[in-house]
Amino acid sequence: MSKKQIFYLVLFASITILSSSFTTFRTELLPMYNTSEKTGEYTVPTEIEVGQKFFNIPFAGKTFVGFQQSLGARESLCIYDKVNTLGYLGKYQFGSDRLQALGIKDKENFLENRSLQEKAFIANLALNKWELRKEIANYSGKTVAGIPITESGILAAAHLGGVGSVKKFFKTNGNRKFKDGYGTSITEYLKQFGGYNTSFIEANKKAKAHQYVY
């Protein structure tokens with residue numbers, strides 16, 4: 001056998017071995033991720049559906065997980081142990097007074113406990129939803145000061161500026177616009193966080209963080 005024949009034989013064998021080492025890619029559609037070809041809309045699973053409690057990146061979509069992560073990203077870049085220059089704490093930047101109202105007294109433990117922070121967030125939504133139940137019922141689906149009003153937008157605005165500032169906003173037909181210590185207006189939150197699914201949050205006059213499971 002000539003050197004040329006040996007070369008081509010070795011080359012053919014090498015190609016055969018390399019080809020056999022690659023597996024065929026298979027496309028698999030996971031039922032928890034749904035797309036609609038007609039509408040171009042996408043939905044993502046909730047934390048319950050995927051059995052996962054914490055996500056390192058913000059979720060897209062208008063699910064409750066999307067609401068959690070988007071608001072957390074706006075407040076602190078989702079940094080659980082963050083304390084800002086005004087003394088607000090955690091992923092959702094709670095003040096000390098609000099934490100006490102939710103039954104949390106140990107701030108150091110709060111900063112170190114991701115689960116407790118998420119429970120506090122849900123409890124705060126439940127409490128705000130009860131305190132703003134009339135505003136949610138009367139204004140959801142309407143436009144105030146050029147802003148489409150939704151339940152999630154109202155709850156986000158209350159998270160930023162408190163229940164009182166949201167009530168004043170509606171009573172004055174949008175003329176009273178509260179701003180926090182950094183100049184952020186509740187109107188920004190009404191817009192940015194509108195349209196998320198917060199329907200499963202039940203209004204609770206006596207909501208405390210320890211009542212919730214996360």
Side-chain angles (χ1 to χ4, degrees), residues 41 58-79 82-104 117-209 212:
E41 295 179 350
F59 252 46
K62 292 293 185 177
T63 64
F64 181 71
V65 172
F67 182 68
Q68 283 178 299
Q69 301 295 55
S70 295
L71 187 55
R74 178 66 190 267
E75 290 288 322
S76 70
L77 297 179
C78 292
I79 301 173
K82 180 174 181 178
V83 180
N84 74 7
T85 57
L86 299 176
Y88 288 86
L89 309 166
K91 175 181 175 180
Y92 301 104
Q93 295 292 278
F94 281 104
S96 298
D97 291 342
R98 194 58 172 178
L99 287 179
Q100 289 187 10
L102 297 173
I104 299 171
Q117 291 192 34
E118 299 297 345
K119 291 177 183 179
F121 179 66
I122 294 173
N124 190 54
L125 291 176
L127 183 57
N128 286 343
K129 194 167 183 176
W130 186 86
E131 294 177 338
L132 291 167
R133 61 195 183 283
K134 293 181 180 178
E135 286 74 16
I136 291 172
N138 293 335
Y139 293 99
S140 292
K142 297 182 180 179
T143 299
V144 178
I147 303 171
I149 304 301
T150 66
E151 178 182 282
S152 63
I154 291 175
L155 293 176
H159 183 87
L160 174 73
V163 169
S165 66
V166 175
K167 289 187 175 184
K168 288 179 182 178
F169 173 83
F170 288 121
K171 284 181 179 179
T172 62
N173 198 33
N175 291 319
R176 291 286 299 273
K177 303 179 180 68
F178 169 87
K179 294 183 178 181
D180 71 359
Y182 296 108
T184 304
S185 171
I186 63 171
T187 57
E188 294 181 45
Y189 274 44
L190 283 167
K191 294 175 184 177
Q192 182 176 350
F193 300 106
Y196 285 89
N197 183 8
T198 54
S199 60
F200 87 95
I201 297 292
E202 295 183 5
N204 186 349
K205 181 181 180 180
K206 300 180 180 180
K208 303 292 182 183
Y212 295 89

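Atoms considered below: every heavy atom in the structure, side chains included; atoms not considered: hydrogens, waters and symmetry mates. Remember, it's a predicted structure, so these values are computed and weren't measured experimentally.
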Shortest non-hydrogen separation from [X] to [Y] and the atoms involved:
X	Y	answer
Ser165	Gly162	OG-O, 2.9 Å
Asn128	Ala158	ND2-CB, 3.8 Å
Ala123	Ala207	O-CB, 3.4 Å
His159	Asn124	ND1-ND2, 3.5 Å
Lys129	Ala203	C-CB, 3.9 Å
Ala145	Gly174	CB-CA, 4.1 Å

Does the side chain of [Y] come within less than 4.5 Å of [X]'s, by heavy atoms?
X	Y	value
Asn175	Phe169	no
Glu118	Gln68	yes
Gln93	Leu89	no
Asn197	Lys62	no
Tyr196	Ser70	yes
Arg98	Leu127	yes

Which distance, rounded to the nearest 0.5 Å, do you find between the [atom1] of [X] and the [atom2] of [Y]?
X	Y	atom1	atom2	result
Ser152	Leu190	OG	CG	9.5 Å
Thr150	Leu155	OG1	CG	8.5 Å
Cys78	Gln69	SG	CD	4.5 Å
Asn204	Glu131	CG	CD	10.5 Å
Thr198	Phe67	OG1	CZ	6.0 Å
Ile147	Ile186	CD1	CD1	8.0 Å

request  = In sequence, state the C-alpha distance, the side-chain angles, and the governing distance for Lys167 and Leu132, and then conclude on side chain to side chain contact (heavy atoms under 4.5 Å, CB included).
outcome  = CA-CA 8 Å; Lys167 289 187 175 184; Leu132 291 167; 3.7 Å; yes
task = Before accepting this row, confirm whether a basic side-chain N of the pair Arg74/Glu188 lies closer than 4.0 Å to the acidic partner's carboxylate O.
result = yes
Taking [X] for the side chain and [Y] for the main chain, is one N or O donor matched with an acceptor at less than 3.5 Å?
X	Y	result
Arg133	Trp130	yes
Ser76	Tyr92	no
Lys208	Ala101	yes

request  = Using the side chain to side chain donor-acceptor pair (under 3.5 Å) rule, collect all pairs that involve residues 134-144, keeping only residues at least two apart or in two chains.
outcome  =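 Side chain to side chain donor-acceptor pair (under 3.5 Å) check on residues 134-144 returns no pairs.
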query = Under 6.0 Å from the NZ atom of Lys82, do we count more than 12 heavy atoms belonging to anything else shown?
reply = yes
task = Assess whether atom CD of Gln192 is packed by more than 12 heavy atoms of other residues, nucleotides or ligands within 6.0 Å.
result = yes
task = Consider only side-chain N and O atoms of Glu75 and Tyr88, and report whether a donor and an acceptor are under 3.5 Å apart.
result =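 Distance-only check fails for Glu75 and Tyr88.
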ask   = Stepwise, does the side chain to side chain contact (heavy atoms under 4.5 Å, CB included) test hold for Ile104 with Phe94?
value = CA-CA 11 Å; Ile104 299 171; Phe94 281 104; over 6 Å; no
request  = Could you check whether the rings of Phe193 and Tyr189 sit parallel, tilted or perpendicular, using 30° and 60° as the cut-offs?
outcome  =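 The arrangement is perpendicular - the two ring planes meet at more than 60°.
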